[in-house]
Structures are given as C-alpha cells and as structure tokens.
J.: 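Take this structure first; my questions come after.
Not measured: the values here are computed from a predicted model. In what follows, chains carry the letters A, B, and so on, assigned in the order in which the sequence lines appear, proteins first and then strands, with residues in each chain numbered from 1.
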2 protein chains.
Amino acid sequence: MAASTLSEVARLAGVSLATASRVLNGSSRKPAEDIAERVREAADKLGYVPNAQAQALAKSSSGLIGLIVHDIADPYFSAIARGVQEAARQQNRMVLLASTSGAAQDEKEAVAAFAARRADSIVIAGSRSVRAEDKQGNIELAAELDRYCRNGGHVGVVGHPVVGASTTEGYHVVEVPNEELAADLAAELAATHEGEFLIVAGPEGLYTSDDRVRGFQRGLADAGRPAAGIIRTGFNRAGGYDAGPALAERIKASKERLCIFAVNDVMAIGVTAALRPEGVWIPRDATIAGFDDIETLRDFRPALSTVHLPLEDIGRLAAGDPDTAPVSGAVKLRRSTETPVEVQA
Amino acid sequence: MAASTLSEVARLAGVSLATASRVLNGSSRKPAEDIAERVREAADKLGYVPNAQAQALAKSSSGLIGLIVHDIADPYFSAIARGVQEAARQQNRMVLLASTSGAAQDEKEAVAAFAARRADSIVIAGSRSVRAEDKQGNIELAAELDRYCRNGGHVGVVGHPVVGASTTEGYHVVEVPNEELAADLAAELAATHEGEFLIVAGPEGLYTSDDRVRGFQRGLADAGRPAAGIIRTGFNRAGGYDAGPALAERIKASKERLCIFAVNDVMAIGVTAALRPEGVWIPRDATIAGFDDIETLRDFRPALSTVHLPLEDIGRLAAGDPDTAPVSGAVKLRRSTETPVEVQA
DNA sequence: TTGCAGCGGGAATGCGCTTTCCCACATACG
DNA sequence: CGTATGTGGGAAAGCGCATTCCCGCTGCAA
C-alpha cells in the first residue's frame, strides 16, 4: 500500500507541506482561497488519499472504535454491532471488529490489539461471569482494560461492569435492567398462568443469566407463587436444545401445564426446537418465554413471548452516542404463552 | 491514548531503541538472551503496548482488512462476516467494518476510508447492480477501488466482479455458481411439482438476482416446463413481504398449486410471513423455495427448501484464505416444497 | 602478531503527517 | 513616518517505530 503523499501534493501545488495539510485535512487556519484551490487540484490530480495511520500518529487519535462480541453471526450481537456501527459512522469513526467466543483470554488479546491500534474507545458486549474457571482470564482481561483506561482509553461495557476492574475511571457501563424486566415478565405471566414455572438458565455465575433468574423469582414471589425450578445449561441455542429432552420428560410427567422461562431468546428457540420432535407443542402442552426480542423472532413460530431490549440503542450507547435514550425494555406477550382455547374451556 | 513508548523501554533497559525494537517486535536479528530478557522486563514493568499505527507507518503494512456489507445484522452478511473475521484472525489481522445499506456512494466512501487506513485488503460483499440509477455510484466506486488496487491494494469481491472496474489487477472474485445452482433447484423442483412456477425476484439489474432467475428458467426449460412468471420487488425480507398480497391473490385464483421461487431466503421468509395472515399455508396451498441457506432457517417453519451456500467459506475465501475449498452449493429440499399427503392422495 | 570475517549493538534516517514557532509583509494607528 | 497589530505562509520539530548503515569487539587463521 503506497500512494501519493502530502508532500508530493504540496510540491505539485507549489506550496509548503504545512499549507497543504491545512487545506486538505482540516485545520483552524484556513489558507487563502486561490492557494487552497491550487492544492485541491493537485491532490485531485495525484489521487491523494491521506494516510490515516500517519495522521493518527501525529494527532495521537486514531478515529477507531473497537468492538468485542462473542459471535458476530449471533443475532443478539449483530444487532448491537449495527448500533455501534451507526454511532461510529455518526462520529466519523470506523469499527474494528473482534469475535472471541466469549473466552476471556481472547478478549484480553483483542483489547491488547485495540490498544496497540490506539482505538479511541472499546465496546465490549457479551456477559461477564464470575465462574471459577474464568477467574484467571477475568483478572488478565481486567488488567488489560485497566491499563488501556489508564492510558486514556474509553471502555463501553454492555450490561455488567467488568469483573475485577480496579477503577471506574474510563469505564462507561450501559445498564440493562435485566432483573426488573425479568420480574415484570414473571408478574405478567403469573397473571394468566396457573401452573408451575421452570427456568432454563445459563451457567451459574454468568451475570446476565443470574440477574434474570433472580428477577424472575422475585416477580413470582411478589405474585405469591412458589419459586421456579432451575435447569442450567449453555447460554446459547445449543444449550436450550440440550435441555429439551429433560424438559419434555418433565412436561409429559406433569399433569398441569408448565411455563418455561428461558433466560434468552436463542435458548428459548433451542428449547422449542428440541421439544418439537418429542411431540411437545407450544403453547398446547407447555408455554415458553424468552428474553431480548432478537430480530429473528419476527419469523419464529409460535410467536415467542419475550422482553424487548433495544439492542441497537444499547450498541449506540456503548459506543458513546449522547443522543440515544437510556435503555428501557418492555414485556411482549405473544402466542407462545397464550393459554389455548381448548384448555381454557 | 498515550502510552509508554519503545524509547522509554529502551532507556529503562539501558539499551538502544534499535535493540529494544528487535527484541520486542520481531526481527531477523536476535539480540543476546540476557539483553533480551532485560528489555522484556522493562517492557513488562512499563506496560508497553507497541503502537501499531507507528509500526504500520514504518513498515507500510497495516495488518488491517476492510469489510463492506449492506447490513451487519442481516444473517447473510453476518455469516460472511464471521468467515472474514476467522480468516483475519488466522492471518493475524484485524477486521475493519463498514455497513453501507448497499448504496454505492457509501461503499465508495468506505473504500476511501479503508484506503486511508492503508488496509492490506478489502472484502466487498453484497451484490453489484447495473441499474441505471446506480450507474454514477458504480463508476465512482469502481474508480476508488481501481485507485486502491493501483496503489497495491487487494480486493476480494463476493459473487460478481465490480461493475466498471478498468482492470482485474488486484481483484479476487469469489465465484458463486448462482446460475447453475438455481438451475439445479429448478430441475429438482420440476421433478415433483406438476403445476406452475413463479419467481419472486429482486430489481432487474441486480446481478445475483438476475443470475438466479436466469438459472431457474433454464432449469425449467431443460425439464420441458414453461418459463415462470416473475414478480419484482426488493431484494430483502421487506421486499418478499410486500409481494405477499399479490401472491396470495394469484394463489387463490389458481386451481393448481403454485411453486414459488424467491431468489433469496430472507425474501422467501418475507413472502411466507405475508402469506400467513392471508390464510395461505405453505406447503398446503403453495410451495416455496429460497436461496442461501442462512442459519436462521434452522428454526423457521415450515422448513424452507433452499440452496445451501457455504457463507462462512465465502467470507474466508474473499479474505484470501488459501486453505478454503472453492464455493460449491447444494440443493436442499425441505418441507416447504413437499407435496402434502392429502393432495397426493 | 596482524588481518579479516562475523557478530552484536547503536546512531541516525525516514515513514507521512500535524502543529508550533517564526518570519515577511500589509495594514492601521499615533 | 515609525511602530504596533494582525495575517498568511514556511521551516522544522516531533509522533513511535523499523531499518540501514556503521563501528567496536571477538575469534580465528595466516
């Protein structure tokens, strides 16, 4: 990647480097219009493209914003990515992408790479965890992030603060009221569902999952219902799918209809998919609700009850967009938790 | 973003800049082990993070790979993005992301921005078009890309060559056998479907759409079937949805069952969604097939017949991964084109 | 002992740009 | 007419690093 340089432009236009820079790359000092015109012509003729690396080096600001997700092809993350991307565009920045599968070690490396590129800010989506096996990774990640912040970096975190961060300086946490919303969901479900509840949760220690479980249980308690049983599995579609057989058995054994709360939509989808071949139909034999309201749900049948989260806005907020309203979710009851007519009768 | 610099490390370790550089950032010359150790210690103590911008400037190679998609939250693009990301990771590069909604003007700007960042290569996904209204945009985009290539850049294009490129130098087109695969699909469908066919296509001039239409018609002709009618609409879910009412009318008016070919999956999904409230059921009242086999289909009911495309591999190939096999698709017939038992009887 | 290759480390240059500082000139005022 | 005040352009000093070139040293053969 070589290209014509600013000094070539300056020479062709017969002006100094400084003047050319002032004309082409914005400065508080505006050279005279005739000179400016000459410079622009020269730049055009040479096909000059400013070297952002050199600019970044000279200005010590890169115009880069780093985004860390578990998996860019996951609808939850890609929605957030879209928001980040839009915010970046508005701020005239570019997005640097890193997918990590959620491994703290990889996230640490991504942060280091972003720091090396002198990204102005880093957005880290995907839930943090306090599980023992993640401990070492979390410590290293936190150390890397802290260092980045100490050097003037800016970190936007979705959901929960980074585990083990030694400071809040430079961190900007986009709060997601997971617990409250889960409680709301439980309250609304309890209003129409008479029977038992069951939670399909992610691994213990995963903040997002834990918050939603806690909120749901609180909502049930407030409605005078007994606490729901909990099945733990992976925090993704595969996890939901794996939980299917056990759930099917439980549903068939129970005389009353079960209401399942999967702590996120992709898990709910996985559960539903696994239940279908077992002959368990939603909402005929059991009802189910998810969380997130990912775009995929629009075409998923039965329409899935869930809690709507403004994922794009979350991305925008994490990217530091000031014009975006704070996160507020809303319960969306759909067909997957409707009581079928036959049963009502 | 300030941080400790190499010269600080060098000073602390009591060595020269050159030596520190050789130790820390890989060079053919390896300093003695005791010195190297001193340098590493110093770097560690200072929390040194090499400045990739400066490295890029000095080496004139940025380790960046630019990715242009229409919409990162579209499952088609996010699958490709995943592939690109993986390839980048293997090559020890980072992905720069740009979403453009398919506007040639925006794509041009994205290319310029990537060029400014001296990206080593650019991957441009999303189909090109020869529509009149895109002409000016295409010309400018091609000019920008050509310039980028002339300066030594490397462009990976998914599907079709860039319209108006004045050279093939630097371009690497990932060929997708859209036409052949569409013909295969038509052949397989014609084997079981007796009635009429109808194509829901994107706007005329969109390469990908046109190729698939042409292939499908050829496949029908080879099977001795009359050419299918064509409905043109947007090349996305909304387009498919919009085509719904007209399709429903047609289906209701026809005595024999219609087989619909939507030129991509999201359009097929849109069509199906729009048909449902009209009381038209797939595959009872009509059958439908899509194209791409996006991951979303896994949980879409009725299971959608489609043509599988290895989207991640396509991304990897476009990103210049040498170990990935060339693109080969395959027809996947699923429930959405099955002839229902009642009708067979 | 001298000469030479070979090795390891350092000084210095340049990558392409921004920005400070300086200077020449023009204008205004006393 | 001389000095204060701006105005606009240029020279040069970095930004942080890779790399070329150079130099002093060691070890070996002559």
J.: Considering residues at least two apart in sequence or located in another chain, which fulfil the side-chain hydrogen bond (donor to acceptor under 3.5 Å, both in side chains) criterion with Q90(B)?
T.: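 Result, side-chain hydrogen bond (donor to acceptor under 3.5 Å, both in side chains) vs Q90(B): none returned.
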J.: Using rotation axes that map the C1' atoms of four end pairs onto the next four (five pairs an end), what angle separates the end axes of the helix from dT1(C)-dA30(D) to dG30(C)-dC1(D), to 10°?
T.: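 End-to-end axis angle for the helix from dT1(C)-dA30(D) to dG30(C)-dC1(D): 60°, rounded to 10°.
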J.: Rounded to the nearest Å, what distance is computed from the CD atom of residue E8(A) to the P atom of nucleotide dC15(C)?
T.: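 Distance check: E8(A) CD to dC15(C) P gives 10 Å.
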J.: Among side-chain atoms of N236(A) and Y76(A), is any donor-acceptor pair under 3.5 angstrom?
T.: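 Side chains of N236(A) and Y76(A): no pair found under 3.5 Å.
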J.: Whole angstroms only, please: what is the CZ-P distance between R11(B) and dG9(C)?
T.: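 Taking atom P of dG9(C) as the reference, CZ of R11(B) is at 20 Å.
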J.: Would you please name every residue forming a side chain to side chain contact (heavy atoms under 4.5 Å, CB included) with N51(A), sequence neighbours left out?
T.: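 For N51(A) the side chain to side chain contact (heavy atoms under 4.5 Å, CB included) partners, ignoring immediate neighbours, are Q53(A), A54(A), L57(B), R118(B).
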J.: Taking OP1 and OP2 of dT18(C), is either one under 4.0 Å from a side-chain nitrogen or oxygen of N25(A)?
T.: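 N25(A) to dT18(C) OP1/OP2: side-chain N or O found under 4.0 Å.
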J.: Could you tell me whether the phosphate oxygens of dC17(D), OP1 or OP2, come under 4.0 Å of any side-chain nitrogen or oxygen in S21(B)?
T.: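 Checking dC17(D) against S21(B), no side-chain N or O comes under 4.0 Å of OP1 or OP2.
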J.: Between C1' on dT7(D) and CD on E33(A), what's the gap in Å once rounded to a whole number?
T.: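 For the pair E33(A) CD and dT7(D) C1', the rounded distance is 16 Å.
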J.: Calculate, to the nearest 0.5 Å, the distance between atoms NE2 and CD1 belonging to H172(B) and I122(B) respectively.
T.: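 Result: 14.5 Å between the selected atoms.
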J.: Round to the nearest Å and state the distance from L24(A) atom CG to dC17(C) atom C1'.
T.: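 Going from CG in L24(A) over to C1' in dC17(C) covers 12 Å.
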J.: Would you call K135(B)-E140(B) a salt bridge at under 4.0 Å N-O?
T.: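 No, this pair does not count.
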J.: Using whole Å, what does the distance between atom P of nucleotide dG14(C) and atom CG of L6(A) come to?
T.: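 Checked: the CG to P distance equals 18 Å.
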J.: Heavy atom of residues 39-59 of chain B under 4.0 Å from DNA chain D: which residues?
T.: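 Contacts with DNA chain D under 4.0 Å: Y48(B), P50(B), N51(B), A54(B), Q55(B), A58(B), K59(B).
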J.: Charged N to carboxylate O below 4.0 Å: is that the case for E8(A) and R11(A)?
T.: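 Answer for the salt bridge query: no.
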J.: Under 3.5 Å, which protein N or O atoms sit close to an N or O of nucleotides 8-13 of chain D? Give each pair with its distance.
T.:
residue : atom : partner : partner atom : Å
dG9(D)  : OP1  : A32(A)  : N            : 3.4
dG9(D)  : N7   : R29(A)  : NH2          : 2.1
dG9(D)  : O6   : R29(A)  : NH1          : 2.8
dG9(D)  : O6   : R29(A)  : NH2          : 3.0
dG10(D) : OP2  : S16(A)  : N            : 3.0
dG10(D) : OP2  : S16(A)  : OG           : 3.1
dG10(D) : OP2  : T19(A)  : OG1          : 2.6
dG10(D) : N7   : R22(A)  : NH2          : 3.0
dG10(D) : O6   : R22(A)  : NH2          : 3.3

J.: Is any NZ, NE, NH1 or NH2 atom of the basic residue among R316(A) and E312(A) found under 4.0 Å from an Asp or Glu carboxylate oxygen of the other?
T.: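 Salt bridge: yes.
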J.: Identify whether the distance between the nearest side-chain nitrogen and carboxylate oxygen of D106(B) and R89(A) falls below 4.0 Å.
T.: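 Judged by the 4.0 Å cut-off on N to carboxylate O distance, D106(B) and R89(A) do form a salt bridge.
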J.: Is R147(B) paired with E144(B) through a side-chain N to carboxylate O contact shorter than 4.0 Å?
T.: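 R147(B) and E144(B): salt-bridged.
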J.: Test of understanding: with side chain to side chain contact (heavy atoms under 4.5 Å, CB included), list the residues that count as partners of V176(A), not counting sequence neighbours.
T.: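 Side chain to side chain contact (heavy atoms under 4.5 Å, CB included) list for V176(A), sorted by chain: N178(A), L309(A), I314(A).
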J.: Consider only side-chain N and O atoms of S129(A) and D134(A), and report whether a donor and an acceptor are under 3.5 Å apart.
T.: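 On atom types as modelled, these side chains qualify, holding a pair under 3.5 Å.
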